[in-house]
Amino acid sequence: MPKDGGIGASTTRREDVRFLTGKGKYTADINVFGQAAAIFVRSTVANGVIKSIDTSAAESMPGVLAVFTGEDFVDVGGNPAGWLINSRDGEPMKEPKRPVLAHGKVRHVGDAYAAVIAETEQQARDAAEEIIADIEELPAIINMADALAGDNVVHDEIGTNQCFDWGWIEDNRAATDEAIRNAPHVTTLELVNNRLVPNAMEPRASIGTYDAAGDSYLLQTTSQNPHLTRLLISAFVLGIPENKLTVIAPDVGGGFGSKIYHYGEEALVLAASKKVGRPVKWVADRTESFLSDAHGRDHVTKIELACEKDGTFIAFRTTTLANVGAYLSNFSTATPTFLHGTLMAGNYTVPNVYVNLKAVFTNTAPVDAYRGAGRPEATYSIERVIDMAARELGMDPVELRRKNFIKRDQFPFTSAAGLEYDSGDYDALMDKMEAIVDRKAFEERRKASEAKGKLRGLGINAYVEACGIAPSNLVGVLGSRVGLYDAATVRVNATGNLSVMVGAHSHGQGHETVFPQIVADMLGIDPASVDIVHGDTSKIPFGMGTYGSRSLAVCGSAMVRATEKIIAKAKKIAAHMLEASADDVDFAEGQFTVKGTDKSVSFGEVALKAYIPHNYPLEDIEPGLEETAFYDPANFTYPSGAYACEVEVDPETGKVTIERFTACDDFGNVMNPMIVSGQVHGGVVQGIGQALLENTTYDENGQLLSASYMDYVMPRADDLPFIAVSHDGGTPCTHNPLGAKGCGEGGAIGSPPTVVNAVIDALQSGGKNVTHIDMPLTPARVWAAMNNA
Amino acid sequence: MYAFDIERPSTIADAVKALKEEDAQALGGGQTLIPTLKQRLAMPSALVSLTGIGEMKGVCLADDGAVCIGGATNHATVAKEAAAHYPGLAGLAANIGDPAVRNRGTIGGSLANNDPSACYPAAALGSGATIITNAREIAADDYFQGMFETALEDGEVITEVRFPVPEKAHYQKFVQPASRFALVGVFVAKYADGVRVAVTGASENGVFRWSEAEAALSADFSAAALDGLTVPADEMIADLHGSPDYRAHLVKVMTGRAVTAAA
Ligand SMILES: Cc1cc2nc3c(=O)[nH]c(=O)nc-3n(C[C@H](O)[C@H](O)[C@H](O)COP(=O)(O)OP(=O)(O)OC[C@H]3O[C@@H](n4cnc5c(N)ncnc54)[C@H](O)[C@@H]3O)c2cc1C
């Protein structure tokens, strides 16, 4: 049983009091004395040559302090890609410069080419309308296949729309081809993994403040990882020394990946602040979010599954076009490659896997990691084609999966796509899922639906993913330009309470609750006496922020290591106080006790001693009680799951309703089950959104048709079922001190194929020969598929 | 938004006068107009708010039994106060937007705007309502003139809408999943002298009457009476959410469901 408020307790989220009572402090809530407002002028065409920009009228408008165009930033650096991918032929990927403001050309609708700084936002908007840009519109490059075929290019200087042509694992290509050629059965599926707009509740915002007194800068911004933003601005874009730049990400209202990256607006407010001598604030409106936040997914894939007649898998082979949009966002080259191709063996012992992926530039918003980042695309392809194969082979979809599962006693298991899965028990998850779903009674539920004139389907899915990003040595070999460790400083204050400075950033995850649970548990103290400090580069150690379900597995591990150092030092101090040797001192429940005696001192007394070191062995032990640890994971963590979804389809309208949803996940050891359930709920909801609702559409001219909530469908409460969640009894991660696996993305990874499999099952049950529909499965698409079948 | 003046008259006469100013515009609940202003897509010099005009608010019964609704009455009020007299109409009002929209948006604003996907136009046309303005009375059949087009003159204010009450009626709305406006909405009303069927959301020409269905249902008020009828897909709206074929198909499905629900 978990200790009160310790590891494993479903402690309620302490940060919610502030969020739910309107006391959160988001970037837009911050107003700095003397601040001016920035407004960006964005392209309304997808592709065009900037012939000239006349800013003179705007500059003379009331309140205007400065106007910037791309011309002002030609001498500074570009915002780089964080990961170098080499093509199959060894050529490095194409890396066009991503400038602060578009220069020479605009490359997508929403591409900012000018910015106005004025006393007020209203004045800046008025002036922005007076900027006269002569932009010669060119045909837009939208469709990826056309982009590769034609000679109209997004970036003239690289002369092609192909960023790279990647093979994984290239050495396995011939064997995989051969295996497929000789296989008794091959199932082929062409599918689209639909583009998504992240839609964090809080739009991006930034305030830049230049302080002439210290020649230093402060950036307050909506970021998932302030240190990376600082590093990029310092080392690549503006060249401000890191010691002269503080980045603070205060409360952040969701990111889902879109706030991992550094964006040009952040560089602009810093540069503008220096020029106008005032703090400069920018807050995106919702339209800007739609047009300029990094989008997610957008793959077009052909997957082949080769198997024996009895269903034993022989090979998976995919060819994928991955849209990177108009510019390379920071993780855009890692997401479709090492976060996707390496997962293409799924939960299976399949011996041959080969992935060919071409990344393609188009005149659309940049595409990058979005909750799940590459792994949802992998799981979707694999689990859809398996479902299709089961139907072709006349096998039960659960049995086909079980037949090919890696078994519990095979771990650690090196998959054919090259990852070493440390632990898992996929059959146990399937057992649990089947029990919750009560599959035996499904036929009765189907009959009940049919009696109402509805078709009912059951979809199932198994997933494994790689998160807890990431072992630095491994990713370094694979092309990463950063390390992916994290760091924590545990500061015991003199009066015995603690401030814990962490590199992870909480923007909805609940770190402020869970991290203290762990530290308090280790020290045997009240969690209320531990507080987390995060998001401020001037206070926290250099960490890599939060994404890829890494906060607990990586930063949490650093925090555990730092706390262990605290305990080790405190033991020495206690030993001195107790006049014993440190080896003879036990620490439990917050008390240091000399073995076999009743002599003890409390953790609080030791803390006080560390800061008031009278009668203290200063020659052997430093005063103070503060320790920092950096932790670099030995491997990814590999959460897995078995999901089930039951849908009803209205055959007259094509409308799908989700009747039941079951998510059984293995997240290893769970620190706070309630928060983990919340993470699963959120992920599943976003997955259902992708599967049924979210339809990001550019027309042939590159206009984003779904650029507001009048057309972009966010999942709402009444679109959603009760979600049965189970994540107890997981197999611990074998290489981090908490035994924890990341839990932030599993829901979004496991759910889309589950939903689609269920809809196909429903349509098949109604005698419709529909084998696939591309997401989102809108009523119109389902109806059209039924009527063409 | 651009800057504008705001007037808050308390009588229709004052409102009409204020609207004579160049580029002055009526403001109902603002549920369409305010977002338009925020996007800087309109630049009125002054907004004349109608929601403080007592004589334009509320639901009452005329001597002939018709339900009369003041032009500045919000949807929530109609949902509540028309329920006893005209449940089909109250049900439609109760499913417009969300609570915030229903407590702000007005029937006059909705009919003046005549969004091709809005709900009220189907009720007004399906009921053969009369649109009453500060200047005249307009039959619904003459009032709707295509997408966002109506018979209203500049500065004309909808002061009241009068709905004859049918024996039975029902509105079936198949929602556009993002906006939750009607992807296709069908209002069916059975009067002693025949059935009216009005369709919203579907056509590029805005709300329209499906006369074949009206004839069939007037003879036999049952969903089965629609068997064999088809709705042509030409001039149906094509967008992200549905093709013309799909919309044409839904018109028939929703009509059948409205009849079944009303019967
Ligand atoms: C989130 C959301 C969801 C919605 N969902 C639906 C839905 O499901 N179904 C639906 O039908 N509608 C829906 N609406 C629209 C809403 O119901 C309002 O009816 C509509 O916005 C117009 O009414 P209003 O009173 O807000 O008018 P306003 O926005 O104030 O004005 C609209 C136009 O009408 C003019 N006008 C206003 N009142 C009068 C009058 N009395 N006489 C003459 N002209 C006038 C104005 O000058 C303006 O041109 C939705 C709106 C929102 C914001």
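Chain letters run A, B, ... following the sequence lines, proteins first and then strands; every chain starts at 1.
- For P721(A), the side chain to side chain contact (heavy atoms under 4.5 Å, CB included) partners at least two apart in sequence or on another chain are I658(A), F661(A), I688(A), I723(A).
- R180(B) is listed as a side-chain neighbour of D718(A), based on a closest heavy-atom distance under 4.5 Å.
- Across all non-hydrogen atoms, the minimal contact from F174(B) to P779(A) is CZ-CB, 3.8 Å.
- In this structure, CZ in R781(A) is found 12.0 Å from OG in S243(B), a value given to the nearest 0.5 Å.
- Counting non-hydrogen atoms of other residues, nucleotides and ligands closer than 6.0 Å to CD of Q122(A) gives a total above 12.
- The backbone N or O of Y2(B) sits nowhere less than 3.5 Å from a side-chain atom of R125(A) that would complete a donor-acceptor pair.
- In this structure, chain A has no heavy atom under 4.5 Å from any part of R247(B).
- Checked against side chain to side chain contact (heavy atoms under 4.5 Å, CB included), T287(A) has the following partners two or more places apart in sequence or in another chain: D285(A), L291(A), Q39(B).
- Within residues 645-655 of chain A, the residues having any heavy atom less than 4.5 Å from a heavy atom of chain B are, in residue-number order, D650(A), E652(A), T653(A), K655(A).
- Across every non-hydrogen atom of G242(B) and A780(A), the tightest pair is CA-CB, 4.0 Å.
- Contact tally against chain B (heavy-atom pairs below 4.5 Å) for D699(A), L692(A), D711(A): the top residue is D711(A).
- Within 6.0 Å of atom CE in M1(B), more than 12 heavy atoms from other residues, nucleotides or ligands are found, so the atom counts as buried in its surroundings.
- Open room surrounds CD on E700(A); 12 or fewer heavy atoms of other groups in view lie less than 6.0 Å from it.
- Of the charged side-chain nitrogens involved, at least one lies within less than 4.0 Å of a carboxylate oxygen, so that D126(A) and R40(B) count as a salt-bridged pair.
- For the residue pair P177(B) and R716(A), the shortest heavy atom distance occurs at O-NH2, 3.0 Å.
- Listed by first and then second residue, the ring-ring contact (aromatic ring centres under 6.0 Å, His included) pairs involving residues 223-263 of chain B are W783(A)-Y246(B), W783(A)-H249(B) (not counting sequence neighbours).
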Legend entry - Criterion side chain to side chain contact (heavy atoms under 4.5 Å, CB included) on L240(B) and S706(A), from CA distance to verdict: CA-CA 8 Å; L240(B) 274 184; S706(A) 50; 3.9 Å; yes
